[in-house]
Amino acid sequence: MIAQVLVGVVAAIHLYIVVLEMVLWTTPKGRQVFGTTAEFAETSKVLAANQGLYNGFLAAGLIWASVTGLQAAGWQMAVFTLLCVIAAGLYGAATVSRRILFVQAVPAALALLTLFLKI
């Protein structure tokens, strides 16, 4: 039960990131979240949308795992996708902002832990 909730939370985080990167990137809200200027946001919006698409794939993997059920193939899909989220979060924390560690990697690691503990 806890694993299902945490996997859902991580999926929701990534759906929110999709919206931020693909829809809101050049808006005041998007620029505030990512700390960018209007000029930078405008020139990088295609790159941000591409990045948002990848976050969408992570959300899709977790949603697929949840709908399938966190047993057998669904469990494997959740583990794989959470490991991808953790890897992306660690890379982002090392190269962009330490905040990414807490927004992406830590929630995914907690969800992964609950999957292995079967709680």
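Connection of Phe34 to Leu24 is established within a shared hydrophobic cluster, with ILVMFWY side chains joined at heavy-atom distances below 4.5 Å, either directly or through further cluster members. Under the 4.5 Å side-chain heavy-atom criterion for ILVMFWY residues, a single connected hydrophobic cluster contains both Val33 and Val19. Note on Leu112: it clusters hydrophobically with Val106, by side-chain heavy-atom contacts below 4.5 Å among ILVMFWY residues. The cluster map of Ile, Leu, Val, Met, Phe, Trp and Tyr, joined by side-chain heavy atoms under 4.5 Å apart, puts Val10 and Phe116 in the same cluster. Under a hydrophobic clustering in which Ile, Leu, Val, Met, Phe, Trp and Tyr are joined whenever their side-chain heavy atoms come within less than 4.5 Å, directly or via other members, Phe102 and Leu110 fall into the same cluster.
For Thr114 against Ala3, the heavy-atom pair with the smallest separation is OG1-CA, 3.2 Å. Contact between Ser66 and Gln4 at its shortest, heavy atoms only, is CB-NE2, 3.1 Å. Closest approach of Ala111 and Val7 over heavy atoms only: CB-N, 4.1 Å.
Distance alone, capped at 3.5 Å, is enough to place a donor-acceptor pair between the Trp25 side chain and the Ala41 backbone. No donor-acceptor pair closer than 3.5 Å links the side chain of Ser44 to the backbone N or O of Leu47.
In this view, Lys45 and Glu42 satisfy the salt bridge (Lys or Arg N to Asp or Glu O under 4.0 Å) rule, not counting sequence neighbours.
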Donor-acceptor contacts under 3.5 Å from residues 70-95 side chains, at least two apart:
{"unit_1": "Trp75", "atom_1": "NE1", "unit_2": "Leu115", "atom_2": "O", "d": "3.3"}
{"unit_1": "Thr81", "atom_1": "OG1", "unit_2": "Met77", "atom_2": "O", "d": "2.8"}
{"unit_1": "Thr95", "atom_1": "OG1", "unit_2": "Tyr91", "atom_2": "O", "d": "2.8"}

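In this structure, Ile13 CD1 and Leu58 CG are separated by 11.5 Å, a value rounded to the nearest 0.5 Å.
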| field | Stepwise side-chain contact (heavy atoms from CB on, under 4.5 Å) test for Val67 and Ile63 | value | CA-CA 6 Å; Val67 169; Ile63 292 166; 4.2 Å; yes

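Residue pairs meeting the side-chain hydrogen bond (donor to acceptor under 3.5 Å, both in side chains) criterion with at least one partner in residues 5-22, sequence neighbours excluded, are His14-Gln104, Glu21-Gln51, Glu21-Asn55.
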